[in-house]
Amino acid sequence: MHQSAPVAACDFVVFGGTGDLAFRKLLPALYLRDRDGQLTPDTRIISVSRAGLSDEDYRDKVHAEVRAFLPPGTFDADAWAAFRERLHHRELDVTNLVAYQDLAKILVGGEHKVRAFYLSCAPKLFGPVSRNLHEAGLITEQSRVVLEKPIGTDLASARRINDEVGAVFAEHQIYRIDHYLGKETVQNLLVLRFANMLFEPLWRSGSIDHVQITVAEDLGVGGRGGYYDDAGALRDMVQNHLLQLLCLVAMEPPASVDADAVRDEKLKVLQALRPTAHGDVVRGQYRSGAVDGAAVAGYTEELGSPSNTETFVALRVGIDNWRWAGVPFYLRTGKRLDRRSSEIVVQFRPVPHSIFGADGPPLSPNRLVLRLQPDEGVRLHLMTKEPGPGGYRTHDASLNLQFSERFKTRTPDAYERLLMDIVRGNPTLFMRRDEVEAAWTWTEPILAAWAADAVGPKPYAAGSSGPAAAIALIERDGRTWHEEEST
């Protein structure tokens, strides 16, 4: 495995360190970076929560909870023993300034190190926590603050959070994390576009028919019902993850991979998004059904109360600029679908005329499929001739680059990359304030239209591909959703 160089010494302070995100993503990512030699000996991980745990209690809890979320074959007893010693816990009511004194004591003497305050807590606490860190004198020049999505629930709340955090942290110290931007395939999208002459001349309306972006989940809301019912699929997935993926597909070539150069181009895409028409948006909510042959409850049954919150969204999006005029972007995301898959499909236009005879099989347009999960990779669909005599028998074949097979190594999780970028001070894969607010500006009219709509979301059976209206959304344009293929 490629060994990355160590990053600077750091104190990771995780607010919400006994929560689901910490155990599922943050701590496994930090262990794996430690195992691979990227954490310096004096780097510490300090968990902050209301739980009354000693350091040893917390270490035991992490050992019991986190191992289940490590990739197969990555647990090493010696590496884990060293990682365990980095772990500390401090009990803290984040709204009580006096309580920060205990946190201050453990940070004394580490002023020379990077301090990464990771706010894995409710967005309404981002401002108060930031203010208390400032009042307690804990923010140094080497400090960063990490904000988990969602940044607010609408444009006004996003601006309020940005104002409150920005009052004590400079913009270059604020890391608004979207873990989809840390996925290997998303990084490869930039390399495919801007390091290969093959694609960029064709990356425009004259050659591309349409683009599809799908993030499908087969799980329901589980224990996140309270949060999810306030958010819904549009706030939880579209306003951040899907729009960020759209930006990377659609943006103009940046002058460099410098953070602001990339984010300037993404912002231009968000500002060029056409307001959505009523018929270009479908919202749905799963009912009871079967997933992998097992019966599952509907959303309101899991929630335990009636709700009009959407668990599925499909949209037809237009970008009003020269590169993409007339090219629709179809976005869809949902829970309790028939598969777990995230992918970007770039569908090229068909050849203008087939020379292989009208009685032959139709020629399939070329497609570039970027798979984000599972099995990250890239597949390019081309037309080829079937071997053998007797004329031209055309066949749709694919060139398949599966990262795990090609590079014979484990693909790091997005959080592994992003956490190290935070320590390095590299904000390229994080959202800037104006990006967040531009995304909310585009999203808000959809939320307002839904609030005035008495009909509510369209039902779909758990284990299906979503509401029938989502199929109609794309088929009325003479197109179809791309479905998963065998590799």
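Quantities reported herein were computed from a predicted structural model and do not represent experimental measurements. By convention here, the first residue in the shown sequence is residue 1.
- Put simply, the side chain of Asn196 does not reach to within 4.5 Å of the side chain of Arg193, judged on heavy atoms.
- His210 has its ring centre less than 6.0 Å from the ring centre of Tyr330.
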Intermediate values then yes/no, salt bridge (Lys or Arg N to Asp or Glu O under 4.0 Å), Glu302 and Arg336: CA-CA 12 Å; Glu302 287 185 344; Arg336 282 293 187 216; 3.2 Å; yes
Salt bridge (Lys or Arg N to Asp or Glu O under 4.0 Å) evaluation trace for Arg160 with Asp163: CA-CA 5 Å; Arg160 183 168 58 252; Asp163 286 343; over 6 Å; no
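- Once rounded to the nearest 0.5 Å, the distance linking CG of Leu245 with OG1 of Thr185 reads 10.5 Å.
- In this model, no donor atom of one side chain and acceptor atom of the other lie less than 3.5 Å apart for Glu343 and Thr214.
- Judged purely by distance below 3.5 Å, without hydrogens or angles, the side chains of Arg176 and Asn162 pair a donor atom with an acceptor atom.
- With no hydrogens or angles considered, no side-chain donor-acceptor pair links Asp338 and Ser465 at under 3.5 Å.
- Cation-pi contact between Arg67 and Phe75: present, with separation from the ring centre below 6.0 Å and deviation from the ring axis of at most 45°.
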Step-by-step salt bridge (Lys or Arg N to Asp or Glu O under 4.0 Å) determination, Arg339 to Glu217: CA-CA 6 Å; Arg339 59 191 171 122; Glu217 300 178 81; over 6 Å; no
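- A salt bridge links Arg432 with Asp264: the closest approach of a Lys/Arg side-chain nitrogen to an acidic carboxylate oxygen falls below 4.0 angstrom.
- Looking at Asp34 and Thr43, their side chains never come closer than 4.5 Å, going by heavy atoms from C-beta outward.
- Contact between Ala261 and Ser256 at its shortest, heavy atoms only, is CB-O, 3.6 Å.
- A salt bridge is absent between Glu310 and Lys458: the closest approach of a Lys/Arg side-chain nitrogen to an acidic carboxylate oxygen does not fall below 4.0 angstrom.
- A salt bridge links Asp236 and Lys149; the closest N-O separation between the charged side-chain nitrogens and carboxylate oxygens is under 4.0 Å.
- The CG atom of Leu234 sits 12.5 Å away from atom CZ of Phe312, with the distance rounded to the nearest 0.5 Å.
- Between Gln373 and Arg340, the side chains place a donor N or O and an acceptor N or O closer than 3.5 Å (distance only, hydrogens not considered).
- In terms of heavy atoms, Leu39 sits closest to Leu30 at CD1-O, 3.7 Å.
- Across Phe23 and Gly17, no two heavy atoms sit closer than the pair CE2-O, 4.0 Å.
- Classification of Glu437 and Arg159 as a salt-bridged pair holds, one side-chain N sitting under 4.0 Å from a carboxylate O.
- Between Asp320 and Arg274, at least one side-chain N (NZ, or NE/NH1/NH2) sits under 4.0 Å from a carboxylate O, which counts as a salt bridge.
- Relative to the six-membered ring of Trp481, Arg332 meets both conditions, a distance below 6.0 Å and an angle of at most 45° to the axis.
- Nearest heavy-atom pair, Leu429 versus Leu181, reported as atom, atom and distance to 0.1 Å: O-CD1, 3.4 Å.
- Taking the charged nitrogens against the carboxylate oxygens, Glu171 and Arg433 have no contact shorter than 4.0 Å, which rules out a salt bridge.
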Side chain to side chain contact (heavy atoms under 4.5 Å, CB included) evaluation trace for Val14 with Leu27: CA-CA 10 Å; Val14 183; Leu27 292 170; 5.8 Å; no
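- A donor-acceptor contact closer than 3.5 angstrom links the side chains of Gln244 and Glu435.
- Checked for salt-bridge contact, Asp477 and Arg316 meet the test: a charged N lies under 4.0 Å from a carboxylate O.
- Considering all non-hydrogen atoms of both residues, Leu32 and Pro71 come closest at CD1-CD, 3.8 Å.
- Phe12 and Tyr118 have their aromatic ring centers separated by at least 6.0 angstrom.
- Among all heavy-atom pairs drawn from Ala22 and Gly16, the shortest one is CB-O, 3.8 Å.
- Using modelled atom types, one finds a donor on one side chain and an acceptor on the other under 3.5 Å when comparing Asp229 with Tyr299.
- Inspection of the Ser157 and Asp154 side chains reveals an N or O donor paired with an N or O acceptor under 3.5 Å.
- Side-chain contact annotation: Tyr31 with Thr74, donor-acceptor N/O pair under 3.5 Å absent.
- Taking 4.0 Å as the cut-off between side-chain N and carboxylate O, Lys25 and Asp20 do not count as a salt-bridged pair.
- With respect to Arg424 and Asp421, a salt bridge is recorded, a charged nitrogen being found less than 4.0 Å from a carboxylate O.
- With respect to Asp209 and Arg479, a salt bridge is recorded, a charged nitrogen being found less than 4.0 Å from a carboxylate O.
- At least one side-chain heavy atom of Thr153 sits under 4.5 Å from a side-chain heavy atom of Arg235.
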